[in-house]
Amino acid sequence: MKLSQGVKMAWHSVYSQKLRTLLTILGIMIGIASVTVMVAIGNGTAEQVKSQMQGLGTNLLTANVVGRGAVTSITLEDAEKIADIDGVSAYAPVISGSVTVKYGTTTYSASVLATTPSFAEVREYSVAQGRFIKEIDGAFAQKVAVIGSEVAEELGMSNPVGEKITLDGVPYKVVGVLASKGSSTTGSNDNIVIVPIQTARVVLKTDAIRTLYVQAESEKRVDFVQTMLEFHLQTFFRGDEDSYTVFNQADLLKTITEVSTSMSTMLTYVAAISLLVGGIGIMNMMLVSVTERTREIGIRKSLGAKQRDILFQFLVEAAIIGGLGGVIGVLVGAGGSSFAGKWMNSPVAPSVDIMVIAVAFSMGVGVLFGFLPARRASKLDPVEALRH
Amino acid sequence: MSAKQDQQCLIRLENIYKQYEMAGETFNALDGVSVTVNKGDFMAIVGPSGSGKSTLMNVLGCLDRPTSGTYYLDGAEVQKLRDNKLAQIRNYKIGFIFQQYHLLPKLRVIDNVELPLVYRGMSARERRERCREALEKVGLGDKLHHLPSQLSGGQQQRVAIARALAGRPPLLLADEPTGALDSKTSREVIALLKELNEAGNTIVLITHDPSVAAQAKRVVRISDGRLTEERNEAS
Ligand SMILES: Nc1ncnc2c1ncn2[C@@H]1O[C@H](COP(=O)(O)OP(=O)(O)O)[C@@H](O)[C@H]1O
Ligand SMILES: [Mg+2]
């Protein structure tokens, strides 16, 4: 018998028992669909977090100051003392706020980061046009600004360097434009205006530093620098550990990796269990089917079907049933993913790999669990079978 | 046996036994059957219920192996062959016609008729052609796409005959082919078989209906697993 003919026959049988097939594949379908959805959500979240992290360097420590009593922030001098640690390659204190930027008659809302020149190194920004802010700008409290690419675009500045803009009414001179970094969930990385920290008071009406970026010179030094940083902050806030928090990018990354690994392990178990249950369902259906179709098998054998023809027919049937479960599951899962993404407003990234693997595995499960019934069918004695 | 006789001979059974163990006792369902059937013969096997007709039919049809004895079919010794080989022989050498028609109810007429050819691995075009031809022979050339359930009993049996013919086997084996039909339809089916025999097909038919047996060229009687010649027009 030809392969194509066997497949056609098997498909015909499966098709002629639509309802039973549907009920049988329900388990596999639900399993595969839920795994597809969960993988899509998991992938989406992981990608989001990763892109967020890519906005920051891995050797970066972020200290956020909440403060306590009268001391709710630190000064530039405090920052210098706090960051005075062996193994620190750069640090940048930041005062941030939101302002209205105006160029000519165009206005635009952006966030201002008042900081020091090392900010570029610490946060891995580079300049596309002009220059970054310099020490000397700070020393003379120069009202100069480096603007993000999005800000330049939104304000319609074709050649921003040297142009005048106002930040909440305070005139600033644009000295540079940042190279685009794209966006992360915390918002666009390009929608910012950077000014010398010494001018914070005039534009942001405050000189209270609440964020301090500290960059370790290597990944190995991160732990040491973090310990020292926490120690300095603890000393500064007289032992009040609630006054500050220190984030370690590497730790965060590790946690996320761990979470996503354990999640995918869990998903693998879910998938395995649903495939197992589905496989048993297929075996059950096929056993019933073989019993019901004993006469058919006898007839086919009397007409010249060999054992392997019968075996093949039933195996293909089982594979089709399993594969159908997989395909429908993946389709439902893909639909479910985009629905879940919209509904929970979270990013989803359906994995085509997982879908292909899911369908292949479902078919494999069909063949595996279909083998016993198919073998039973192929071994039937034609005389006995015809008597049914 | 001379070479000429050998050429004419389609079936030769020599001392065939089929034994069943029943409650520790050996029971001979076929008790030393020897018979030859020539090409072009139309032989009826008659006998009461339980006499061994179906058992003989199963042996002749290569659905079952005898316990002992030799069976030559179309020049080849078949009783010792493996299952796969027997399947191939059924496929190429034998066309079965059963009392219950044994059509597959979910397949259309043409798909039923082409089944033996499918198991030969024949191309779709050739299958179609052969099936059409076979169905025309039995007068059902216009029912190709019907389901068996849409046909009368006589028509279904004719589909089964077309299926038996489609592979152009040297032997047609019919087990009570009219057993489920009314007398008028029976006569039609027997007339068809007779016509096929006249066209050169060798037919072995099992029946307990004397009027059916009367249509055959040759009648053998089986009782308690033993065969006796009752009538042979050729001799
Ligand atoms: N598988 C079997 N096991 C035991 N006895 C059997 C079996 N098949 C047939 N027989 C016995 O062999 C005898 C002949 O049966 P069968 O060939 O079916 O008769 P017929 O077709 O002439 O009515 C009967 O007595 C039957 O009981
Ligand atoms: Mg019988």
Side-chain angles (χ1 to χ4, degrees), chain A residues 1-21 285-286 288-317 320-321 374-388, chain B residues 18 20 29 54-65 81-108 111-124 126-127 147-148 160 163-167 169 173 175:
Chain A
M1 184 175 59
K2 282 185 187 153
L3 195 96
S4 58
Q5 208 52 37
V7 172
K8 207 175 134 194
M9 249 178 218
W11 171 253
H12 195 277
S13 291
V14 172
Y15 187 77
S16 67
Q17 344 193 19
K18 285 183 277 288
L19 182 64
R20 189 192 285 184
T21 304
M285 172 182 168
M286 294 303 290
V288 171
S289 179
V290 168
T291 308
E292 283 178 353
R293 287 157 68 191
T294 301
R295 187 152 102 147
E296 174 191 331
I297 295 160
I299 294 170
R300 287 181 184 277
K301 285 198 157 190
S302 77
L303 299 177
K306 297 183 176 136
Q307 283 191 14
R308 64 160 181 270
D309 293 326
I310 303 291
L311 184 81
F312 181 70
Q313 186 191 343
F314 279 86
L315 276 186
V316 173
E317 277 189 43
I320 289 176
I321 294 167
R375 208 177 126 80
R376 183 174 287 186
S378 76
K379 294 275 181 207
L380 282 178
D381 175 49
V383 175
E384 293 288 325
L386 279 172
R387 222 175 262 151
H388 264 256
Chain B
K18 181 70 190 180
Y20 292 111
S54 294
T55 308
L56 180 57
M57 158 102 171
N58 291 338
V59 169
L60 285 174
C62 295
L63 288 165
D64 207 357
R65 290 187 194 78
L81 296 176
R82 294 167 155 275
D83 285 354
N84 264 350
K85 203 75 191 150
L86 286 182
Q88 204 171 331
I89 287 187
R90 290 195 294 271
N91 190 226
Y92 280 86
K93 306 264 182 196
I94 298 159
F96 286 99
I97 301 156
F98 299 99
Q99 178 175 5
Q100 302 299 334
Y101 328 132
H102 281 346
L103 299 175
L104 298 188
K106 284 173 187 163
L107 297 188
R108 296 172 307 168
D111 300 321
N112 263 292
V113 173
E114 73 170 10
L115 269 179
L117 306 181
V118 166
Y119 289 117
R120 275 186 203 185
M122 194 179 272
S123 78
E126 215 180 337
R127 288 199 314 257
L147 286 174
R163 181 179 64 187
L165 289 173
L173 269 183
D175 189 357

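Note on naming: letters A, B, ... go to the chains in the order of the sequence lines (proteins, then strands), and numbering restarts at 1 for each one.
For the 3.5 Å distance criterion, the side chains of A:Gln5 and B:Arg127 qualify, holding a donor opposite an acceptor.
With a threshold of 4.5 angstrom between heavy atoms, B:Tyr92 does not approach chain A through any atom at all. Using a 4.5 Å cut-off between heavy atoms, A:Arg293 does not touch chain B at all. Contacts between B:Gln99 and chain A at a heavy-atom distance below 4.5 Å are absent for every atom of the residue. Only the side chain of A:Gln313 comes within contact range of chain B, judged by heavy atoms closer than 4.5 Å. Only the backbone of B:Leu103 comes within contact range of chain A, with heavy atoms under 4.5 Å apart.
In this structure, the separation between CG on B:Leu117 and CG on A:Leu303 is 10.0 Å, given to the nearest 0.5 Å. Note that the NZ atom of A:Lys306 and the NZ atom of B:Lys85 stand 7.5 Å from one another [nearest 0.5 Å]. Atom CZ in B:Phe98 sits 5.0 Å away from atom CG in A:Leu386 (nearest 0.5 Å). Expressed to the nearest 0.5 Å, how far CE of A:Met9 lies from CG of B:Leu107 amounts to 8.0 Å.
Here the closest heavy-atom approach between residue A:Ala305 and residue B:Arg90 is recorded as O-NH2, 4.4 Å. A:Gln307 and B:Asn84 make their closest contact through N-OD1, 3.7 Å (heavy atoms, listed as atom of the first residue, atom of the second, distance).
At a threshold of 4.5 Å between non-hydrogen side-chain atoms, the residues B:Asp83 and A:Lys379 do not count as touching.
Taking non-hydrogen atoms and a 4.5 Å limit, the residue list of residues 55-63 of chain B in contact with chain A, ordered by number, reads B:Asn58, B:Leu63.
Ranked by heavy-atom pairs shorter than 4.5 Å toward chain A, the options B:Lys106, B:Gln100, B:Arg120, B:Met122 are led by B:Lys106. Taking A:Ser13, A:Ser302, A:Pro382 one by one and counting their heavy-atom pairs under 4.5 Å with chain B, the maximum is reached by A:Ser302. Chosen from B:Gly121, B:Gly167, B:Pro169, the residue pairing most often with chain A at heavy-atom distances under 4.5 Å is B:Gly121.
Annotation for B:Arg108: atom CZ counts as buried by contact number, over 12 foreign heavy atoms lying within 6.0 Å. At most 12 heavy atoms of other shown residues, nucleotides or ligands fall within 6.0 angstrom of atom CZ in A:Arg376.
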